[in-house]
Number of protein chains: 2
Amino acid sequence: MSEPIRVFLVDDQQMVRAGFRMLVESQDDMVVVGEAGDGGEALALLAVTASDVVLMDVRMPRMDGVEATSRLLATPDPPRVIVLTTFDLDEYAFAAIRAGASAFLLKDATPPDLLGAIRSVVAGDAVVAPSTTRRLLDHFAALPDPVSVASDPRLDVLTERELEVLTLIARGRTNPEIAADLVVAETTVKTHVGRLLAKTGSRDRVQLVVLAYESGLASS
Amino acid sequence: MSEPIRVFLVDDQQMVRAGFRMLVESQDDMVVVGEAGDGGEALALLAVTASDVVLMDVRMPRMDGVEATSRLLATPDPPRVIVLTTFDLDEYAFAAIRAGASAFLLKDATPPDLLGAIRSVVAGDAVVAPSTTRRLLDHFAALPDPVSVASDPRLDVLTERELEVLTLIARGRTNPEIAADLVVAETTVKTHVGRLLAKTGSRDRVQLVVLAYESGLASS
DNA sequence: ACCCGGGTCCTCCCGTGGGCTGACGCCGCG
DNA sequence: CGCGGCGTCAGCCCACGGGAGGACCCGGGT
């Protein structure tokens with residue numbers, strides 16, 4: 001442990017900063033190199049203060065932690081950012097992750113948790129609070145699976161040709177255009193469209209487009 | 001701690017199972033209720049063995065851990081599944097998450113890590129190995145943002161009202177319906193639609209729907 | 001004071017879309 | 001063989017959508 005881990009604290013409440021400072025300074029391989037009370041101040045100070053890890057509160061006046069994280073990560077050779085929040089809200093967590101934070105923790109995390117997170121992010125790993133991980137995984141699992149396209153049951157009764165027509169409708173093509181594409185008469189296309197409407201319970205081609213997208217037939 | 005946590009072990013190497021069993025049984029609030037050497041055996045035994053947590057190896061003969069997890073989660077009142085792997089490969093991790101696993105750990109996790117993960121998943125939380133979390137977050141951050149819609153530039157010139165009309169069009173509503181929704185005359189709606197068509201370069205409302213979905217305005 | 005952009009509303013016109021009805025050839029199935 | 005589903009095609013009708021052109025009110029900016 002040649003070089004101590006340089007930690008920077010960002011929180012609008014100085015009492016919170018003092019607590020974190022005590023905790024961090026209690027470790028002989030960590031040192032607090034600075035503090036800031038909001039995002040703007042943090043960016044200004046970090047521009048002239050070399051730091052390894054930034055403990056960043058989410059809710060702050062003027063510039064919040066997410067915005068500050070995003071901007072900080074855009075600077076050359078940025079530090080790792082650990083985002084802290086009091087309330088376990090998805091919006092905060094996901095926004096922080098998108099902003100490029102390496103860790104997302106609740107403020108009720110235990111001191112060992114926080115210190116472990118600091119060491120993890122310095123090592124290049126990432127840390128997410130367990131309760132947040134649950135929902136992160138749920139979101140991830142809920143993502144559209146590129147392999148198995150879960151189709152709408154309403155599309156099951158459609159014939160190959162009808163699906164063909166439906167995809168063309170979902171591309172915004174008119175009946176004459178579809179007729180030209182499929183090399184058939186326009187009246188034939190109208191017949192297919194009529195059957196599509198009847199089978200899917202749609203009112204007009206607009207609702208067919210909606211159905212095509214909602215069911216994943218159209219590539220969004 | 002009235003009821004002990006019932007743990008089920010699935011791994012094709014009995015030495016590994018023995019190690020886990022020793023670790024789990026060393027806790028006085030946990031008990032091993034069964035073991036299996038592959039996914040099929042695990043499913044069969046778990047069908048008749050009430051269990052809270054399943055420690056599931058990924059690489060196994062016959063049925064692997066991901067497949068077994070997926071099938072297990074499809075049964076009524078399934079246990080939580082902790083997926084374990086020797087190699088930290090994205091395919092395993094993401095497949096396990098999609099399959100519905102509550103935790104993803106490397107086999108080099110420390111005993112406290114594993115025991116903590118067991119307690120976390122029983123509590124409804126999720127756990128991901130730090131090194132995997134890093135890449136999970138990277139993937140997540142790279143996803144299209146559902147909140148701040150990175151809109152199509154064509155939508156930038158639209159007014160608030162026009163966007164409102166556009167979203168209703170994208171829900172398949174007719175002009176009279178939109179008029180009723182917004183409490184305005186139908187002619188007003190037609191004016192908005194006309195401007196939408198002109199501004200976006202669309203030919204008809206069908207193409208507007210396509211645009212709405214492609215730009216992410218409509219929730220697909 | 002003025003203008004301009006956004007929102008609202010109107011009338012006239014007509015093309016596309018969709019409903020309805022009926023028809024034909026092809027194929028697979030009982 | 002007859003039957004039915006599918007794909008093809010036709011004519012008729014008309015409601016809805018969209019274009020053109022004009023009009024009014026309101027708010028903010030010059």
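Proteins come first, then strands; the chains are lettered A, B, ... in the order of their sequence lines, and each starts at number 1.
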Heavy-atom nearest nucleotide on DNA chain C for A:Gly194 versus B:Glu186: which residue maps closer to 5'? B:Glu186
Find the distance A:Gln207:CD to D:dC16:P and express it as a whole number of Å. 14 Å
When you check the phosphate oxygens OP1 and OP2 of D:dC6, does a side-chain N or O of A:His192 lie under 4.0 Å from one of them? no
Would you indicate, yes or no, if C:dG7 has its OP1 or OP2 atom less than 4.0 angstrom from a side-chain nitrogen or oxygen of B:Arg195? no
Test item: A:Thr75 side-chain N/O and A:Arg71 main-chain N/O as donor-acceptor pair under 3.5 Å: no
Look at the side-chain N and O atoms of A:Thr191 and state whether any lies under 4.0 Å from the OP1 or OP2 oxygen of D:dT8. no
Please give, in whole Å, the distance from D:dC6 C1' to A:Leu196 CG? 13 Å
Exam field: side chain A:Glu177 to backbone A:Arg173, donor-acceptor pair closer than 3.5 Å: no
Quick one: which of D:dT8, D:dA10, C:dC9 gets closest to the side chain of A:Thr187? D:dA10
Value in whole Å for how far the P atom of D:dG28 lies from CD of B:Glu160: 16 Å
Roughly, in whole Å, what's the span from CG in A:Leu208 to C1' in C:dG17? 12 Å
Quick one: is D:dG7 close enough that its OP1 or OP2 comes under 4.0 Å of any side-chain N or O from A:Thr159? yes
Taking only the side-chain heavy atoms of B:Val184 (C-beta and beyond), determine which of C:dT8, C:dG17, C:dG19 contains the nearest atom. C:dT8
When the distance from CG of B:Leu197 to P of C:dG15 is rounded to whole Å, what number comes out? 18 Å
Separation of A:Asp204 atom CG from D:dA15 atom C1', in whole Å? 12 Å
Among the nucleotides D:dG17, C:dG18, C:dC9, which one has an atom lying closest to any side-chain atom of A:Lys190? C:dG18
Would the distance check show the side chain of B:Thr133 and the main-chain N or O of B:Val128 forming a donor-acceptor pair, the cut-off being under 3.5 Å? yes
B:Glu162 side chain to B:Thr159 backbone, donor-acceptor under 3.5 Å: yes
Whole angstrom is fine here: how far is it from CZ in B:Arg173 over to P in D:dC16? 15 Å
Choose from D:dG7, C:dC10, C:dG18 the nucleotide whose nearest atom is closest to any side-chain atom of A:Arg161. D:dG7
Whole-Å distance, B:Glu177 CD to D:dA15 P, equals 17 Å
Between B:Asn175 and D:dG17, is there a side-chain N or O to OP1/OP2 distance below 4.0 Å? yes
Among C:dG19, D:dA10, D:dG18, which nucleotide has an atom closest to any side-chain atom of A:Ala185? D:dA10
Flag, side chain of A:Asp52 to backbone of A:Arg6, donor-acceptor distance under 3.5 Å: yes
When you measure from the side chain of A:Arg205, which nucleotide among C:dG7, C:dG18, C:dT8 comes out closest? C:dG18
